[in-house]
Asker: 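I'd like to ask you about the structure that follows.
None of these values were measured; they are calculated from a predicted model. We name chains A, B, ... by the order of the sequence lines, and we start the count at 1 in each one.
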Amino acid sequence: MDEITSVFVTESREQLEAMEAALLQLEDQPTDADILGAVFRAAHTIKGGAGVIECQFLVAFTHVVESALDKLRNGEIAANADLIALLLACSDHMGHLIGVLESGAAAPDDGLRADGDALLARLQRDWLSAEGAQDATPPVAAPDEALESSGGGAVETDCWHISLRFGPDVLKNGMDPLSFLRYLGTLGRIERLETLADAMPPADEMDPEACYLGFEISFASSADKAAIEQVFDFVRDECVLHILPPRSKLADYIQLMMALPEDNMRLGEILVRIGALTQAELDEGLRAQSAGSENAEEDAVPAPLGEILVEQRVVQPELVEAAVVKQKQVTDKKAAEARLIRIQADKLDRLIDLVGELVIAGAGVNLLASRAGHADLTEATSIVSRLVESIRDSALQLRMVQIGETFNRFNRVVRDVSKELGKDIELVISGGETELDKSVVEKIGDPLMHLVRNAIDHGIEAPEVRVERSKPPRGRLELNAYHDSGSIVIEIVDDGGGLNREKIARKAVERGLIQPGHTLSDQEVYALIFEAGFSTVDQVSNLSGRGVGMDVVKRNIQSLRGRVEVDSHEGRGTRFSIRLPLTLAIIDGFLVDAGSAGYVIPLDMVVECMELEAGGGERNYLNLRGEVLPFIRLRELFEIPGEPPRRENVVVVKSAGQKAGIVVDQLLGEFQTVIKPLGHLFRNLRGIGGSTILGSGEVALILDVQALVQIAARDEERSLSYSPGGRSGVAG
Amino acid sequence: MSKQSRAATSAQRLSIVEDMTIYHAADQKQILVEALAGCEELELDLSAVSEIDTAGFQLLVLIKREAARLGKRAGIVAHSPAVSEVVDFFNMAAHFGDPMLVPAQEAR
């Protein structure tokens, strides 16, 4: 796929998203002119782009959709649920067609084409033909019927005359005049075309990547002026375009010739050659011109074409004004685009990698400087490390995107799925501005989709059932995101029936996941739904309930170093919380030391540090200001040999609202940590999240605080259940 | 990239085998201009050009004009379908004056 096509595909996808969002809004406000305009613009831009890259099947389809949208915009037809559903289906189909283009196929396969034809037929039948629209036929079909009757070549003045001079940068900007002209050919018939290469300098000065061509075209079409102008929308700023309507006055042609850079005689010849003028007409015009030239000398400043045309009463003033406004809009849009730069994701990754190396190298320099004890050097390195820190933050910021876009996709999903199931569900989105790493956003879409569909399908009950249970008939689904101590939390909350504890437990026994009679906490029971092949739904719908899924959701989330939790109240609803690390590359760490090795704890999770009171004995919990704080000793956990030092320290960490202590030998302070993933060998290691390289070149392990907190909490629970008196012993 | 074979001292044949698109325009301009400088009559074999865009077409215009200016000849002796389609589209076949093989079955 060449570059233009891939840019087109990306941009069209964005346009489609915008179109879909606007269509969904339209359901609530069917007459809002801004929204209607937005839908139309999106379709129009896609069609324009498709024309430029010569993607005929997309142009043909989009054209009809655009016609319908145009009518909608002009108030000729009114939007209702049917039309919006149809337009949504059309926008989906356009997405499929773009997919076809992306796959490099020349045309959609038969199935897809049949779908498209069916949609178009519905649009035609229900919305276009009923209103007697004639411009709704695809552009390819339109021109052939017209103007054939004139015999012996079209009557000269029945053709539009288009005069085009492309600017030098057109080719460099990836736009080929050839494509525009070919696209023009779809609006009508190019009767004659003359190529002018007069602007091309001698060979030595000629830049092979610049465009020097101009064209004089005689064009037979039933399209209107705006439609012809639109063909050249994409190069509007970079070409000189003059369009003379059929049956223009001779004087207009003369004016045109004056306005063009080439010599009058040569232009005259060309106009005659392409049949715009007859030789007699030309002679007459030039005679009149030269006769009046003495008078004309004085006001020789060439008036803009618009004014000329208005003067000649060829065009209504409003029309020109509209064109000017339009041009301005195009320029404004370009300016807005200029503030955004598209870059390849791997370039960004490379930058992050380099910044990571810089952080490591910087740590080495810091270490040497502090060893050397040279005050100036230490100061200089501290400035450098502050800068490195800022660079790191900005570099990571580049990868951060808001999750709102991902959330907004679910508007459509909720609408479609709830309609299909005959449920009435309101989607409430909050925290859409929460940012997280782009790579995480990309991968979280599928698990989220699954959870949302599950919630709609199994969670929220049908309206009748809801009324019976004295709930409002309209169900509520919430998507929420927020930051919490170095992670992002995404919640999917429904107010449906909740999970049935008994049913899950029974099923789990059936499947041999748990032993009968085994008592489990609610949390543990709910967590069973993430086991492979587990589904409690009695009937399998086509949405979910096949028992594949929840385990995949869990695996996907775990592969992002995240966790998923479920909390449920029967009859009141279910809450899924997905907790993900903010970034995958560099974190602020807290360096500690146990035995001879260094360990890094993510700084966001550190609450406080304190000295471990001597004589704590074998108990693995301590009294933190009247609170029970379970802790684990790194020395014990990792079986580090040797005697612990006389004074040990506790780092209090917090994860997912749970606190725990980690007992270490020494606290070494903050440390910028570049996360290096561990190899596959260590994949199943609990308690270690990764590794990093210290300034000295030594390797330090990054502790997986979540896992450690769980281990600590579980150990404590176990010891409590063995010795029921344990808790009171601590409290006292 | 392109083969040159000297048939006679005056006529030289140049085959272009790559696409004549903007990506190759700079190189091809160089080749064309140099080839023309080294001979009296340049024969262009474009039968292997599978794709040509406006930039490639401009080069053809340039080399034709350059030849005329220097009193030399530059002719296209073989068109690929893509080349003849574009030359036709721009309505320059007559201007170029090269013999074009019209396929028995016209596409349109």
Side-chain angles (χ1 to χ4, degrees), chain A residues 2-4 52-54 140 144 164-185 189-219 235 238-239 266 269-270 273-275, chain B residues 1-2 16 18-39 42 49-72 74 81-97 107-108:
Chain A
D2 59 18
E3 203 175 330
I4 302 187
V52 170
I53 59 157
E54 298 176 20
V140 206
D144 292 339
L164 257 178
R165 297 292 179 276
F166 283 99
D169 292 333
V170 173
L171 292 175
K172 284 177 198 155
N173 292 347
M175 291 178 286
D176 192 335
L178 199 54
S179 319
F180 291 99
L181 294 174
R182 289 217 164 104
Y183 178 48
L184 179 68
R189 194 171 59 238
I190 296 175
E191 289 289 325
R192 280 300 290 262
L193 179 146
E194 282 291 323
T195 306
L196 284 99
D198 300 40
M200 195 189 291
D204 306 341
E205 297 161 32
M206 186 256 190
D207 176 357
E209 287 172 10
C211 181
Y212 300 104
L213 299 183
F215 301 94
E216 297 292 326
I217 303 159
S218 174
F219 184 56
V235 277
E238 296 180 61
C239 78
R266 176 153 161 67
E269 276 170 36
I270 289 169
R273 200 155 6 126
I274 70 169
Chain B
M1 170 161 266
S2 43
I16 294 186
E18 283 186 314
D19 292 346
M20 292 188 71
T21 58
I22 186 156
Y23 304 108
H24 302 129
D27 295 341
Q28 286 170 352
K29 179 199 167 191
Q30 194 74 20
I31 292 166
L32 285 170
V33 170
E34 277 169 13
L36 184 68
C39 68
L42 184 64
V49 175
S50 59
E51 201 182 324
I52 178 166
D53 66 1
T54 305
F57 170 75
Q58 279 194 139
L59 289 181
L60 296 180
V61 175
L62 179 83
I63 205 69
K64 285 272 184 188
R65 205 183 58 188
E66 207 53 17
R69 192 175 63 85
L70 299 171
K72 297 179 176 183
V83 173
S84 46
E85 198 271 334
V86 166
V87 171
D88 257 347
F89 186 87
F90 283 131
N91 197 16
M92 290 293 264
H95 179 79
F96 279 180
R108 255 197 261 210

Asker: Picking from B/Leu59, B/Ile22, B/Leu62, what satisfies side chain to side chain contact (heavy atoms under 4.5 Å, CB included) with A/Pro208?
Answerer: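 It is B/Leu59; the other options fail the test.
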Asker: For A/Asp176 and B/Thr54, indicate whether the former's side chain and the latter's backbone hold a donor-acceptor pair under 3.5 Å.
Answerer: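 Here the side-chain-to-backbone pair exists.
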Asker: Could you walk me through whether B/Lys29 and A/Asp207 pass the side chain to side chain contact (heavy atoms under 4.5 Å, CB included) check?
Answerer: CA-CA 9 Å; B/Lys29 179 199 167 191; A/Asp207 176 357; over 6 Å; no
Asker: Show the nearest heavy-atom pair for residues A/Thr195 and B/Phe90, with the distance to one decimal.
Answerer: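 Distance-wise, the nearest heavy atoms are OG1-O, 2.6 Å.
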Asker: Going from CE on B/Met92 to CD on A/Glu194, what distance comes out if it is rounded to the nearest 0.5 angstrom?
Answerer: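 Result: 8.5 Å between the selected atoms.
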Asker: Considering only heavy atoms, which portion of B/Leu70 lies under 4.5 Å from any heavy atom of chain A: side chain, backbone, both, or neither?
Answerer: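 For B/Leu70, there is no contact with chain A at all, as no heavy atom is under 4.5 Å.
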Asker: Sort and list the pairs that fulfil salt bridge (charged side-chain N to carboxylate O under 4.0 Å, His left out) and have at least one residue in residues 56-70 of chain B, not counting sequence neighbours.
Answerer: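 Qualifying pairs, neighbours excluded: B/Lys64-B/Asp98, B/Glu66-B/Arg69.
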Asker: Let me know if A/Ile190 has heavy atoms under 4.5 Å from chain B in its side chain, its backbone, both or neither.
Answerer: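 Answer is side chain: those atoms of A/Ile190 sit under 4.5 Å from chain B.
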Asker: Of all heavy-atom pairs between B/Gln58 and A/Tyr212, which one has the smallest distance, and what is that distance?
Answerer: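 Looks like OE1-N, 2.5 Å.
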Asker: Between atom CZ of B/Phe89 and atom CG of A/Leu178, what is the distance when rounded to the nearest 0.5 Å?
Answerer: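 Between atom CZ of B/Phe89 and atom CG of A/Leu178 there are 6.0 Å.
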Asker: Select one option (side chain, backbone, both, neither) describing which atoms of A/Phe215 are under 4.5 Å from chain B's heavy atoms.
Answerer: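 Side chain of A/Phe215 only, per the 4.5 Å heavy-atom cut-off to chain B.
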Asker: Is there a side-chain contact between A/Leu213 and B/Phe57 (heavy atoms, below 4.5 Å)?
Answerer: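 Yes; the side chains approach each other to less than 4.5 Å.
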